[in-house]
Asker: 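A single structure is presented below for examination.
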Amino acid sequence: MAKIPEKNYDPKNFEARIYGEWERSGCFHAEADPSKKPFAIVMPPPNITGQLHMGHALDQTLQDVLIRVKRLQGYSALWLPGTDHASIATEVRVAEDILVNEGKTKAELGRDEFLKRAWAWKDLYGGRITEQQRRLGTSCDWERERFTMDEGLNKAVVEQFVRLYEKNYIYKGNRMINWCPVCGTSLSDAEVEHEDREGRYWYFRYPAADGGEGIVVATSRPETMFGDTAIAVHPDDERYRGMIGKMVVLPIVGRRIPVIADPYPDPGKGTGAVKITPAHDPNDFEVGERHGLEQIVCIGPNAKMTAAAGKYEGMDRYDCRRAWVEELAAASGSGGGGYLVKEEKVNIPIGICYRCDTAVEPMVSEQWFVRMDELAKPAIDAAKDGRLTHVPERFEKIYLHWLEDIRDWCISRQLWGGHRIPAYYCDSCGEIIVARERPESCASCGASGLRQDEDVLDTWFSSALWPFSTLGWPENTPDLSYFYPTSVLVTGYDIIFFWVVRMVFSGLEAMGESPFRHVLVHGLVRAEDGVKMSKSLGNGVDPIDIIDRYGADALRFMLINGSAAGGDMRFSTDKIEAARNFANKLWNASRFIIMNTGSDKSVSGLTPGSAFGPEHDQASGYALCLENIPKHRLRDEDLWILKKISDAAIDITRNIESFDLSVATQKIYELVRNEYCDWYIEFVKPRLAGTDEDDKAVARSVLIAALSDLLRLLHPFMPFITEEIWSFMGKDGKLIVDRWPVALDRGEKSPSYVCDQDEDDEAVARAYAKIEMVKEIVRAVRNIRTEAGAAPSRALPITIKLDGDLGREQLDGAGALIGKLANVSKVTVTEDGAGVPDDAMSSILTRLAVYVAADDLLDYGAERERLGKEQSRLEGNIARLRGKLSNEGFTAKAPEHIVQAERDKLATEEDAYEKVVARLSDIADK
RNA sequence: GCGGGCAUAGCUCAGCUGGCUAGAGCACAUGGGUCACAACCAUGGGGUCUGGGGUUCAAGUCCCUAUGCCCGCACCA
């Protein structure tokens, strides 16, 4: 006896085992292989601090589906995994850890000791997420796993930095940056989020130096007054015209500052006069540049006030704000009363650190920057001319919009964990040397003991190199030339700016080509109630919990099936259950197939293959190339299911290749559940129980051939269950490395195309139509049965009355199928109406009518109601169709096949209408 | 302020380049332990596709507009 799957579908029994088998077999590994076409995806490297969350699960599943399909299609399909050091996130976590465990701060520990702890921490936790990825079924090439801080990548980072510096794309300068006081580092613009927070405007009077009234300005940040170096007004603002060029006095501080004219102030906002603090506001910084104003830094790096704030030195910025406002309000100004004129509550838009939610402090600071204007251009062009496409398309706009007004990228971070900036300072002569290796001595003055820059690089600087650094760059390795540019990049829309944009311009700069051809963008996975999942809300659903409960296949299927590309989706228990139930259904159906075929020697001799035959040979058609089975032995239902699968396979392949994965899953679902399980298996059951051994063998063979292709189609989405079932089918080799049912990109014809040309295909088309008719009849009988309240167990006799042009032979063999599926005791077929029972329930279908006769079941009331509905439906349709067809515009302009289809439709609807009316009058007095 | 998205069955959502009698899952109703499956099977009800214009022979699908939600960028006077 062959091995049979266990009665209950329980993914825990095999998922982990199968993953282990795959991994050991080496089938995840991809090499540069000139005999195959390359397909490559680099995995967005998760943070080593991270845990797998639903967003990852979606991201991983999308990539895994694409990789598995391409692997089955015979590509050298590389999926390159890795992890990211995520400097800020990791640094904060490790620092917390040290504080808790050792009671020491980062500073107390020192840089070297801290880094040791960080590496130890990475070794301890860095592998956790990759274990979780394995649970999901991630079929990436673990042999190539990389870490953004490993040796090769360090080299790439230094190389890129030096090259960009040498081309003058990287510079060091004193510029306005965003400072996070909690993380203790500068941030790039992309790392700052914006949020409205409750704040106020305080209106303060700055008295004129000559004793006049002076000017009132509004501010939401009074503590920056210590850094004010001017008051700006618009040159056309009548109110202040007389003040321009005069001096005002900074309240209490006493410093004199000029009133300047600049186009920046908007006369309609506030008082129309703006205090200018060049060191702490980006706009003020620019005004200051234009007017040569001094920059006075009054808030220091830890958000504490500097000496510029006088007695407030050392005080927290917000404490200072409160105290300073009080002092200003209480003070007696020159005109008597306080300097505070008024105060109003208002929502202030404020910059927030994307890591810690702290309000960032804009400040002038000396940092390293990447000059963006030149670099952005090729990245813009690549998208515009189609070398880089976004799926869905709308994300291209977002990408372009960001690049088109991009500002220079601040890349230095005041942290320890990360790639240290390869810049060396000579303290003797002040020379700055940027070099691949640490120089022994100063190139300018010869002094030794150069000091390396203390700062590290933005973690995204190394991520930006990921698509080529992981393939060996800057060496020109075989992998690099074979796999670069990669095929698709899959990521969430939330990191387009951080990552995608930077990879593209970095790749174009370093390699001359966009690092990938397509960006497949997905949305967020939200909680069941539509709220964003977040740690702080604690509403996250752990993918591992879900896998434990429902299996990875169900989770994957739900994630893909859940929503269209690019949009946010909700996690849904209902959908997870539906997916698990679907897996269960497949499991049971397969169990049935295996129980009925596995133990039979004659079947194994048939070596059932794919419905598509060997070698992906589309041109030879589908069912007719089933190996070892003479085509005349295939029955109608066999041809029907094989055509169904074949047509669907082509469709599904197209959907996958255009990244419509949710559409693809929907189609597979219907194919497996509705066509294969609900109809085909039921059609075939009597044959399996029959005595015609030859026919039994054919049925078994088709069952297996069809199931094989269904498993192939479903495998990328539900890899575990399909592989497990495959293993019960006595196949050679594993499903994961078997082959895809269709290979559209080879230019094969589709079976439906063949169908029109080939004699065999006419036979298939006839069989197909017949089975569809059988389904209609069966449904009609079941409907009547339900309506009349007949027990399902009770066999009923039926009469089928055919239309004139519908020959009796077109129902040949259908009687048995109908009999079994509709539980019919006897099928009578009549062409002229003779033999139609006088008293019967009826159903009028296209080109035939079905009568179910049983005296005790007659319910003409119900039938009248049903027919009445049918009549009005048909009336509506007929009116619509007639209107359409009598419209000359339609018949003249619409494509011929559409017009013809409408004519045919009208004919059948009119026909049905007449019959319904006739039937209604027949039963009018019953 | 600039830009983008969404509005379809009670709920959650599909519906590609315009050609439907608008679909699925869940929920609901009725019947059924039928020898793969109760994580099941069968049958059924349920929608003027947000409102208003327009383009077209044809609009859920394209354009404009209104309303209501959502998001990104900018904005700390």
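Numbers restart at 1 for each chain; the letters A, B, ... are given by sequence-line order, proteins then strands.
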Asker: Paired with rC20(B): which nucleotide, if any, by Watson-Crick or G-U wobble criteria at under 3.5 Å for both distances?
Answerer: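 Pairing partner, where one exists within any strand: none, as none qualifies.
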
Asker: Base, sugar-phosphate or nothing for Arg866(A)? Non-hydrogen atoms, less than 4.0 Å.
Answerer: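 Arg866(A): no heavy atom of the nucleic acid under 4.0 Å.
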
Asker: Using whole Å, what does the distance between atom P of nucleotide rC41(B) and atom CG of Asn783(A) come to?
Answerer: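 From Asn783(A) CG to rC41(B) P: 19 Å.
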
Asker: Remember a base hit wins even if backbone is also touched, and classify Phe582(A) as base, sugar-phosphate or nothing at under 4.0 Å, heavy atoms.
Answerer: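 If one applies the 4.0 Å heavy-atom cut-off, Phe582(A) turns out to touch nothing in the nucleic acid.
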
Asker: Starting the side chain at C-beta, find the nucleotide from rC73(B), rC75(B), rU21(B) nearest to Asn283(A).
Answerer: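 That would be rC75(B).
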
Asker: Hey, is the side chain of Glu682(A) pairing donor to acceptor with the base of rA42(B) inside 3.5 Å?
Answerer: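 Donor-acceptor pair under 3.5 Å: no.
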
Asker: Quickly work out the Glu787(A) CD to rG45(B) C1' distance and round it to whole Å.
Answerer: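 Rounded to the whole Å, the gap is 13 Å.
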
Asker: Roughly how far apart, to the nearest Å, are rU8(B) and rC49(B) at atom P?
Answerer: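 To the nearest whole Å, 11 Å.
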
Asker: Between Lys685(A) and Pro349(A), which is nearer to the 5' end of RNA chain B once each is assigned its nearest nucleotide?
Answerer: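 Checking each residue's closest nucleotide, the 5'-ward one belongs to Lys685(A).
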
Asker: Can you check the distance between rC28(B) and rC37(B), where both ends of the measurement are the C1' atom (answer in whole Å)?
Answerer: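 It comes out at 24 Å once rounded to the nearest Å.
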
Asker: As a test of reading the structure: which of rC20(B), rA36(B), rA39(B) is closest to the side chain of Asn581(A), going by heavy atoms?
Answerer: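 So the nucleotide nearest the side chain must be rA39(B).
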
Asker: Do Asn561(A) and Tyr669(A) come within less than 4.5 Å of each other through their side chains, counting heavy atoms only?
Answerer: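 Result no, sub-4.5 Å side-chain heavy-atom pair not found.
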
Asker: Heavy atoms under 4.0 Å, any strand shown: does Asn823(A) hit a base, just sugar-phosphate, or nothing?
Answerer: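 Nothing, no nucleic acid heavy atom in range.
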
Asker: Ring of Phe683(A), cation from Lys775(A) - is the NZ or CZ under 6.0 Å from the centre and inside 45° of the axis?
Answerer: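 Judged by the rule (NZ or CZ under 6.0 Å from the ring centre, within 45° of its axis), Lys775(A) is not positioned above Phe683(A).
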
Asker: NA contact type, Lys7(A), heavy-atom cut-off 4.0 Å: base, sugar-phosphate, or nothing?
Answerer: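 The residue Lys7(A) makes sugar-phosphate contact but no base contact.
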
Asker: Searching all strands shown, indicate the nucleotide that pairs with rA9(B) (Watson-Crick or G-U wobble; both distances under 3.5 Å).
Answerer: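 Pairing partner, where one exists within any strand: none, as none qualifies.
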
Asker: I want to know whether Phe659(A) and His518(A) have ring centres closer than 6.0 Å.
Answerer: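 Yes; His518(A) has its ring centre under 6.0 Å from that of Phe659(A).
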
Asker: Cation over ring, Arg673(A) on Trp587(A), under 6.0 Å and within 45°?
Answerer: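 No.
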
Asker: With sequence neighbours left out, write down each residue that passes salt bridge (charged side-chain N to carboxylate O under 4.0 Å, His left out) with Glu528(A), or none if nothing qualifies.
Answerer: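 Glu528(A): no salt bridge (charged side-chain N to carboxylate O under 4.0 Å, His left out) contacts found.
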
Asker: By nearest heavy atom, map Asp10(A) and Tyr201(A) onto RNA chain B; which one lands nearer the 5' end?
Answerer: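 Result of the comparison: Asp10(A).
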
Asker: Could you measure between the two C1' atoms, the one in rC11(B) and the one in rA27(B), and give it in whole Å?
Answerer: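 Looking at atom C1' only, rC11(B) and rA27(B) are 7 Å apart.
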
Asker: Summarise how protein sits on nucleotides 2-17 of chain B as a single string, 5' to 3': B when a protein heavy atom is under 4.0 Å from the base, S for sugar-phosphate-only contact, - for no contact.
Answerer: --SS------SSSS--

Asker: I'd like to know whether the aromatic ring centres of Phe498(A) and Tyr354(A) sit less than 6.0 Å apart in this structure.
Answerer: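 Yes, the ring of Phe498(A) comes within the 6.0 Å limit of the ring of Tyr354(A), centre to centre.
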
Asker: Which of the following nucleotides, rA36(B), rA39(B), rC75(B), is nearest to the side chain of Asn584(A)?
Answerer: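 Among rA36(B), rA39(B), rC75(B), the one nearest the side chain of Asn584(A) is rA39(B).
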
Asker: Is any side-chain N or O of Arg873(A) under 3.5 Å from a base N or O of rU21(B), one able to act as donor and the other as acceptor?
Answerer: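 It does, because a donor-acceptor pair links the side chain of Arg873(A) to the base of rU21(B) below 3.5 Å.
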
Asker: Using a heavy-atom cut-off of 4.0 Å across all strands, would you classify Val274(A) as base, sugar-phosphate, or nothing?
Answerer: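 Since a base atom lies under 4.0 Å of Val274(A), the category is base.
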
Asker: What's the closest nucleotide to the Arg779(A) side chain, out of rA77(B), rA36(B), rU43(B)?
Answerer: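 The answer is rU43(B).
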
Asker: Could you tell me whether Phe659(A) contacts a base, only the sugar-phosphate backbone, or nothing, with contacts defined as non-hydrogen atoms closer than 4.0 Å?
Answerer: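 No contact.
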
Asker: Would a line drawn from the ring center of His522(A) to the ring center of Tyr493(A) be shorter than 6.0 Å?
Answerer: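 So the answer is no for these two rings.
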
Asker: What nucleotide, of rC41(B), rU43(B), rC75(B), holds the atom closest to the side chain of His194(A)?
Answerer: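 In terms of side-chain proximity for His194(A), the closest of rC41(B), rU43(B), rC75(B) is rC75(B).
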
Asker: Under a 3.5 Å limit for both distances, which nucleotide forms a Watson-Crick or G-U wobble pair with rU56(B), could you say?
Answerer: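 rU56(B) is paired with nothing.
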
Asker: Going by purine N1 to pyrimidine N3 plus the second Watson-Crick contact, or the G-U wobble pair, all under 3.5 Å, which nucleotide sits opposite rC2(B)?
Answerer: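 rC2(B) is paired with rG72(B).
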
Asker: Starting the side chain at C-beta, find the nucleotide from rC37(B), rA36(B), rU21(B) nearest to Lys905(A).
Answerer: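 Nearest to the side chain of Lys905(A) among the choices is rU21(B).
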
Asker: Should Tyr913(A) and Glu875(A) be marked as a side chain to side chain donor-acceptor pair (under 3.5 Å) after you check the CA-CA gap, both sets of side-chain angles, and the distance that decides it?
Answerer: CA-CA 7 Å; Tyr913(A) 179 77; Glu875(A) 271 166 2; 2.9 Å; yes

Asker: Could you tell me how far apart Asp678(A) (CG) and rC37(B) (P) are, to the nearest whole angstrom?
Answerer: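 Rounded to whole Å, this separation is 15 Å.
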
Asker: NA contact type, Tyr9(A), heavy-atom cut-off 4.0 Å: base, sugar-phosphate, or nothing?
Answerer: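 Contact class for Tyr9(A): base.
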
Asker: Considering every strand and a 4.0 Å limit on heavy-atom distances, what is the contact class for Ala578(A): base, sugar-phosphate, or nothing?
Answerer: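 Sugar-phosphate: the residue Ala578(A), judged by heavy atoms under 4.0 Å, touches backbone atoms but no base.
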
Asker: Are Lys275(A) and Thr224(A) linked by a side-chain donor-acceptor pair shorter than 3.5 Å?
Answerer: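 Lys275(A) vs Thr224(A): donor-acceptor pair found between side chains.
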
Asker: Any donor-acceptor pair under 3.5 Å joining the side chain of Arg580(A) to the base of rA39(B)?
Answerer: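 Side chain to base: pair present.
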
Asker: Look at all strands and tell whether Val360(A) reaches a base, only sugar-phosphate, or nothing, counting heavy atoms closer than 4.0 Å.
Answerer: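 Base, at least one base heavy atom under 4.0 Å.
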
Asker: At less than 3.5 Å, do the side-chain atoms of Lys667(A) and the base atoms of rA24(B) form a donor-acceptor pair?
Answerer: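 There is none.
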
Asker: Only pairs with both distances under 3.5 Å count, Watson-Crick or wobble alike; so what is the partner of rC40(B) in this structure?
Answerer: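 Partner of rC40(B): rG32(B).
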
